[in-house]
2 protein chains.
Amino acid sequence: MNQIREAQAHIFKALGHPSRLIMLAALRDGEKCVCDLQALVGLDMSTVSKHLSVLHAAGIVDKEKRGTNIYYRLTLCCLETFLACTEDAIRRRLAAKAKLLED
Amino acid sequence: MNQIREAQAHIFKALGHPSRLIMLAALRDGEKCVCDLQALVGLDMSTVSKHLSVLHAAGIVDKEKRGTNIYYRLTLCCLETFLACTEDAIRRRLAAKAKLLED
DNA sequence: TGGCTACTTGACAAAATAGCCAAATATTCT
DNA sequence: AGAATATTTGGCTATTTTGTCAAGTAGCCA
């Protein structure tokens with residue numbers, strides 16, 4: 001059971017970085033190579049590569065080499081739903097805060 | 001949009017620790033006071049309190065003081081589903097690995 | 001009031017993480 | 001083979017996180 005919590009924490013820790021979330025959001029539209037993702041987040045290529053290896057180690061993405069490129073894609077089926085759900089929750093919170101400031 | 005990713009990362013980062021996940025799993029059955037949760041994870045009370053404040057800051061749990069106790073409970077509606085889903089994914093992976101070693 | 005229990009906060013050391021640069025690897029093209 | 005492109009890895013520093021102990025706050029009961 002504790003082994004489960006460790007692995008689960010591993011997944012969440014991997015999800016816990018803005019750049020990684022930006023990349024994952026992009027991957028919702030389909031696979032992307034590292035250079036695509038680098039262009040998206042604007043960090044050093046080596047940094048992007050390390051972020052991707054964190055996601056891969058957690059089993060959130062898969063990679064496949066084709067030619068000189070390596071393409072990453074989502075593997076954790078339920079991720080999309082939860083990403084969408086937390087986004088909604090956050091939007092609701094932001095809206096609530098904005099409303100509070102209004103008065 | 002990036003503000004969303006920041007807030008989202010904040011939530012995931014908060015979820016990314018085994019002790020916090022153990023406590024959250026316990027909270028699925030209903031609210032618990034800090035001492036209950038401390039007994040569960042077996043860390044110093046101050047450490048448990050800090051873990052809980054991380055969860056609270058991320059908006060994952062709510063707290064309510066009643067008498068000398070403070071009771072924490074889940075607030076992020078979609079969390080349960082995702083916790084269950086990642087658990088399943090991990091179990092599947094562990095099973096697959098076990099099967100691989102069998103041969 | 002004083003003492004007890006429940007919890008939080010501050011200070012601090014140890015470990016993990018994020019970012020960059022430079023170097024290594026692998027594949028394709030000439 | 002040699003050059004060019006795409007990606008990973010190692011080394012390094014700065015920052016963040018985790019955990020403990022000690023001290024502080026708050027509610028309850030004698």
Side-chain angles (χ1 to χ4, degrees), chain A residues 2 5-27 30-75, chain B residues 2 5-27 30-75:
Chain A
N2 239 312
R5 297 289 163 236
E6 293 277 352
Q8 216 171 17
H10 201 228
I11 292 179
F12 284 120
K13 218 189 295 189
L15 293 173
H17 192 288
S19 304
R20 292 198 285 264
L21 288 176
I22 290 170
M23 297 194 282
L24 288 173
L27 290 177
E31 60 173 22
K32 302 257 182 299
C33 68
V34 184
C35 52
D36 289 340
L37 297 168
Q38 187 207 358
L40 197 62
V41 299
L43 295 171
D44 195 277
M45 168 90 81
S46 69
T47 305
V48 172
S49 173
K50 277 173 192 173
H51 278 310
L52 287 168
S53 83
V54 168
L55 291 172
H56 187 252
I60 298 167
V61 300
D62 248 358
K63 62 199 222 178
E64 186 191 345
K65 183 160 199 169
R66 287 205 303 276
T68 74
N69 294 304
I70 299 186
Y71 293 89
Y72 282 84
R73 69 175 149 272
L74 290 183
T75 54
Chain B
N2 239 312
R5 297 289 163 236
E6 294 277 351
Q8 216 171 16
H10 198 230
I11 293 179
F12 284 120
K13 219 188 298 188
L15 293 173
H17 192 287
S19 303
R20 292 198 285 265
L21 289 176
I22 291 170
M23 297 194 283
L24 288 173
L27 290 177
E31 62 174 22
K32 302 256 182 299
C33 68
V34 184
C35 51
D36 288 340
L37 297 168
Q38 187 206 0
L40 198 61
V41 299
L43 294 171
D44 195 279
M45 167 92 80
S46 71
T47 306
V48 173
S49 173
K50 277 173 191 170
H51 279 309
L52 287 168
S53 83
V54 169
L55 291 173
H56 187 252
I60 297 166
V61 299
D62 249 358
K63 60 197 222 179
E64 188 191 344
K65 183 161 198 167
R66 289 204 303 275
T68 74
N69 295 306
I70 300 185
Y71 293 89
Y72 283 84
R73 67 176 149 271
L74 290 184
T75 54

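Proteins get letters first, then strands, A, B, ... in listed order; numbering begins at 1 in each. These figures come from a predicted structure and were not determined experimentally. Values reported hereafter were calculated over all heavy atoms of this structure, with side chains retained and with hydrogens, waters and symmetry mates removed.
- In this structure, Tyr72(A) reaches the sugar-phosphate backbone alone: every heavy-atom distance under 4.0 Å involves primed, P, OP1 or OP2 atoms, never a base.
- Inter-residue side-chain proximity for Tyr72(B) and Leu55(B) is flagged as unmet; no heavy-atom pair is nearer than 4.5 Å.
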* Report, as a single string ordered 5' to 3', how protein heavy atoms within less than 4.0 Å touch nucleotides 23-30 of chain C: B base, S sugar-phosphate only, - not at all. => ---SBS--
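- Rounded to a whole Å, the CG atom of Leu52(B) is 7 Å from the P atom of dT8(C).
- Under the rule for a side chain to side chain contact (heavy atoms under 4.5 Å, CB included), Ser49(A) has no partner lying at least two apart in sequence or in another chain.
- The side-chain hydrogen bond (donor to acceptor under 3.5 Å, both in side chains) contacts involving residues 13-25 of chain B comprise Arg20(B)-His51(B), where partners must be two or more places apart or lie in separate chains.
- Among residues at least two apart or in separate chains, salt bridge (Lys or Arg N to Asp or Glu O under 4.0 Å) pairs with a member in residues 55-69 of chain B are Glu31(B)-Arg66(B), Glu64(B)-Arg66(B), Glu64(B)-Arg73(B).
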* Structure fact -> Quick tally for nucleotides 9-19 of chain C: nucleotides whose base has a protein heavy atom under 4.0 Å get B, sugar-phosphate-only ones S, the rest -, giving BBB-----SSB
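- Taking Ser46(B) as the reference, Asp44(B) meet the side chain to side chain donor-acceptor pair (under 3.5 Å) condition, with sequence neighbours excluded.
- Atom-to-atom, NZ of Lys32(B) to C1' of dA6(C) comes out at 17 Å; the value is rounded to the nearest Å.
- Residues passing the ring pair (Phe, Tyr, Trp, His ring centres under 6.0 Å) test with Tyr71(A), sequence neighbours excluded: none.
- If you take CG on Leu52(B) and OG1 on Thr47(B), they are separated by 11.0 Å, rounding to the nearest 0.5 Å.
- Between Ala14(A) and Ala58(A), the shortest heavy-atom contact is CB-CB, 3.7 Å.
- When DNA chain D is scanned 5' to 3' for any atom under 4.0 Å from a heavy atom of chain A, the first and last hits are dA6(D) to dG11(D).
- Going from atom NE2 of His10(A) over to atom CG of Leu15(A) covers 11.0 Å, rounded to the nearest 0.5 Å.
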Pairs under 3.5 angstrom only: tabulate donor-acceptor contacts from the side chains of residues 33-42 of chain B to other protein residues two or more places apart or in another chain.
| from | atom 1 | to | atom 2 | distance (Å) |
| --- | --- | --- | --- | --- |
| Asp36(B) | OD2 | Cys33(B) | N | 3.4 |
| Gln38(B) | NE2 | Leu43(B) | O | 3.2 |

